[in-house]
Trainee: 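The structure is given below, and queries will be raised subsequently.
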Amino acid sequence: MFNTKDLQENILKLKKENDVCILAHAYQTHDILEIADFVGDSFGLSKQAASAPQSTVLMCGVRFMAETVKILSPHKKVLLSHPDAGCAMAEQLTVEELKELKQQYPNAAVVAYINTTSALKCECDVCVTSASALEIVKKLPQKEILFIPDCNLGSWIEKKVPEKTFHFINGGCPVHTRITTTDVKQAKENHPNALLLVHPECIKEVTAMADFAGSTTAIMGYVDKSDANEYIIGTDNSIVQHLQFEYPNKKFYPLSKNCVCNDMRLTTLVDVYNAVSGNGGEEIILGADVIDSARKSIDRMLSI
Ligand code: 13P
Ligand code: SF4
């Protein structure tokens with residue numbers, strides 16, 4: 001039987017031997033982050049996917065992230081660490097529904113959060129991540145924006161870009177939207193000296209109460225630059241743990257015990273071991289037409 005350290009050492013050896021690059025989303029567990037070549041938010045991972053030199057890329061995260069890697073690196077073998085790791089938000093809208101919305105708002109730029117299926121990416125003008133959305137929406141020439149599927153992230157951008165008109169669907173992340181304003185009041189009462197940092201996938205009433213809102217990496221960057229000693233974290237609770245490792249002299253509290261993405265938690269270190277040894281993970285296969293079409297919207301994001 002392996003212990004964690006043995007397993008990690010074997011993974012590091014095997015990934016070198018088998019020419020595998022391991023990408024880990026920041027919501028993965030700490031033992032996985034420790035053996036990854038690159039850790040980041042959706043935007044960082046998309047950029048890394050485009051430049052990884054290895055012939056195989058293993059995405060420790062959820063399906064839309066592995067699909068994004070495949071779209072950007074079609075000649076590489078791309079593996080998703082756990083075949084069941086999906087994203088409930090990514091599947092909230094169908095292509096048919098999006099086509100109807102496009103007819104309803106013919107002058108709007110269709111801006112798709114990267115947490116969407118590859119089929120939806122084929123139908124949009126540009127993809128965005130939580131880290132890139134604001135800048136991209138500002139720079140688009142269109143004055144009208146159809147933002148899919150997350151109305152909470154969309155509303156957060158809308159507030160910062162009042163010169164444009166936005167249209168939303170009733171979509172969002174079922175994990176972040178579990179956080180309520182009561183959670184905020186309770187956490188602030190329990191930790192009156194702590195700053196509140198949240199992900200903009202939270203409902204807009206929660207985001208409005210925060211000292212800072214941003215992507216997972218932006219939250220971590222904020223802590224790095226801040227002199228405060230205590231923080232309430234309103235995103236997947238793995239970030240509380242990672243921050244505590246990184247800044248042992250500061251204190252971090254979860255905004256809600258319920259903010260845990262079970263899909264992100266499906267991947268274990270054993271799954272990573274199996275995938276790098278060639279006995280696990282799911283290979284992502286996408287049609288050439290889907291890759292070509294979806295790539296335009298991701299390339300547009302990377303170029304803006
Ligand atoms: P970011 O990685 O862009 O911060 O998004 C968070 C998320 O929910 C990923 O699915
Ligand atoms: Fe999807 Fe939400 Fe989980 Fe992110 S946290 S993968 S948006 S369900």
Side-chain angles (χ1 to χ4, degrees), residues 24-28 40-46 59-68 80 82 84-94 97-98 111-118 120-121 124 127-134 137 146-159 166-184 187 196-210 212-220 232-240 242 254-267 301:
H25 187 268
Y27 292 170
Q28 296 292 296
D41 60 14
S42 306
F43 185 61
L45 294 178
S46 329
M59 169 55 72
C60 302
V62 293
R63 183 167 295 274
F64 78 80
M65 296 177 175
E67 287 185 357
T68 306
L80 171 63
H82 195 297
D84 296 335
C87 166
M89 167 141 70
E91 282 138 35
Q92 273 166 349
L93 187 70
T94 65
E97 285 165 336
L98 177 56
V111 179
Y113 195 17
I114 197 135
N115 303 34
T116 42
T117 58
S118 37
L120 281 175
K121 288 186 177 78
C124 70
C127 270
V128 295
T129 67
S130 51
S132 64
L134 181 61
V137 168
L146 172 58
F147 192 95
I148 59 158
D150 188 356
C151 65
N152 297 304
L153 175 65
S155 303
W156 178 68
I157 297 161
E158 184 182 32
K159 255 180 104 177
F166 288 75
H167 308 288
F168 304 119
I169 64 155
N170 195 17
C173 164
V175 177
H176 285 85
T177 54
R178 281 180 206 145
I179 300 176
T180 64
T181 53
T182 310
D183 292 325
V184 176
L196 174 63
L197 317 182
V198 307
H199 197 285
E201 285 176 14
C202 293
I203 58 169
K204 58 177 188 277
E205 293 80 2
V206 165
T207 302
M209 293 164 96
F212 175 76
S215 71
T216 42
T217 308
I219 289 176
M220 295 176 100
I232 302 162
I233 303 297
T235 189
D236 184 272
N237 286 341
S238 57
I239 299 298
V240 176
H242 304 329
L255 175 51
S256 158
K257 287 181 194 159
N258 295 327
C259 197
V260 175
C261 177
N262 290 327
D263 283 86
M264 282 285 184
R265 220 55 89 249
L266 279 177
T267 301
M301 167 178 79

Trainee: Grab the two heavy atoms, one from K159 and one from A208, that are nearest each other, plus how far apart they are.
Mentor: NZ-CB, 4.5 Å

Trainee: If every non-hydrogen atom of V260 is compared with every non-hydrogen atom of R178, which pair is closest and at what distance?
Mentor: O-NH1, 3.4 Å

Trainee: Would you mind telling me which of S42, P200, S132, S130 makes a side chain to side chain contact (heavy atoms under 4.5 Å, CB included) with S215?
Mentor: S130

Trainee: Name all residues meeting the side chain to side chain donor-acceptor pair (under 3.5 Å) criterion together with S118; count only those two or more places apart in sequence or in a different chain, and write none if there are none.
Mentor: E67

Trainee: Nearest 0.5 Å, please: how far is CZ in F64 from SG in C127?
Mentor: 10.0 Å

Trainee: Which value, rounded to the nearest 0.5 Å, describes the distance between L45 atom CG and C60 atom SG?
Mentor: 10.0 Å

Trainee: To the nearest 0.5 Å, tell me how far L255 CG sits from I233 CD1.
Mentor: 9.0 Å

Trainee: What heavy-atom pair brings I114 and S46 nearest, and what distance separates the two atoms?
Mentor: CD1-OG, 3.9 Å

Trainee: Please check if the side chain of D41 supplies one atom and the backbone of G44 the other of a donor-acceptor pair under 3.5 Å.
Mentor: yes

Trainee: Do M65 and M264 touch side chain to side chain, with heavy atoms closer than 4.5 Å?
Mentor: yes

Trainee: How close do L93 and L120 get, heavy atom to heavy atom, and via which atoms?
Mentor: O-CD1, 3.4 Å

Trainee: How long is the span from the OH atom in Y113 to the SG atom in C87, to the nearest 0.5 Å?
Mentor: 8.5 Å

Trainee: If you look at every heavy atom in I239 and A26, which pair is closest and at what distance?
Mentor: CD1-O, 3.6 Å

Trainee: Can you name the nearest heavy-atom pair linking I179 to C202, along with the distance?
Mentor: CD1-SG, 3.9 Å

Trainee: Could you tell me the separation between the CD1 atom of I148 and the NE2 atom of H167, rounded to the nearest 0.5 Å?
Mentor: 13.5 Å

Trainee: Taking the side chain as C-beta and beyond, is there a heavy-atom pair between F43 and T217 under 4.5 Å?
Mentor: no

Trainee: Please work out which of the three classes, parallel, tilted or perpendicular, describes the rings of F168 and F147, given edges at 30° and 60°.
Mentor: perpendicular

Trainee: Compare all side-chain heavy atoms of V184 with those of V198 and state whether any distance is below 4.5 angstrom.
Mentor: no

Trainee: With no hydrogens and no angle check, just 3.5 Å: does a side-chain donor-acceptor pair link T235 and H176?
Mentor: yes

Trainee: Answer yes if the side chains of S155 and N152 hold a donor-acceptor pair under 3.5 Å, and no otherwise.
Mentor: no

Trainee: Under a 3.5 Å distance rule, please check whether E201 uses its side chain to pair with a backbone N or O of D150 as donor and acceptor.
Mentor: no

Trainee: Without swapping roles, check the side chain of H82 against the backbone of G61 for a donor-acceptor pair under 3.5 Å.
Mentor: no

Trainee: For E97 and T94, test the side chains for any donor-to-acceptor distance below 3.5 angstrom and give the result as yes or no.
Mentor: yes

Trainee: Starting at NZ of K257, measure out to CG of N237 and round the result to the nearest 0.5 Å.
Mentor: 10.5 Å

Trainee: For Y27, run the side chain to side chain contact (heavy atoms under 4.5 Å, CB included) check against D236, V62, D263 and tell me which one passes.
Mentor: D236

Trainee: Within the distance-only criterion (no hydrogens, no angle test), does the side chain of K121 pair as donor or acceptor with the backbone N or O of T116 below 3.5 angstrom?
Mentor: yes

Trainee: Could you pull out all residues at least two apart from T207 that satisfy side chain to side chain donor-acceptor pair (under 3.5 Å)?
Mentor: none

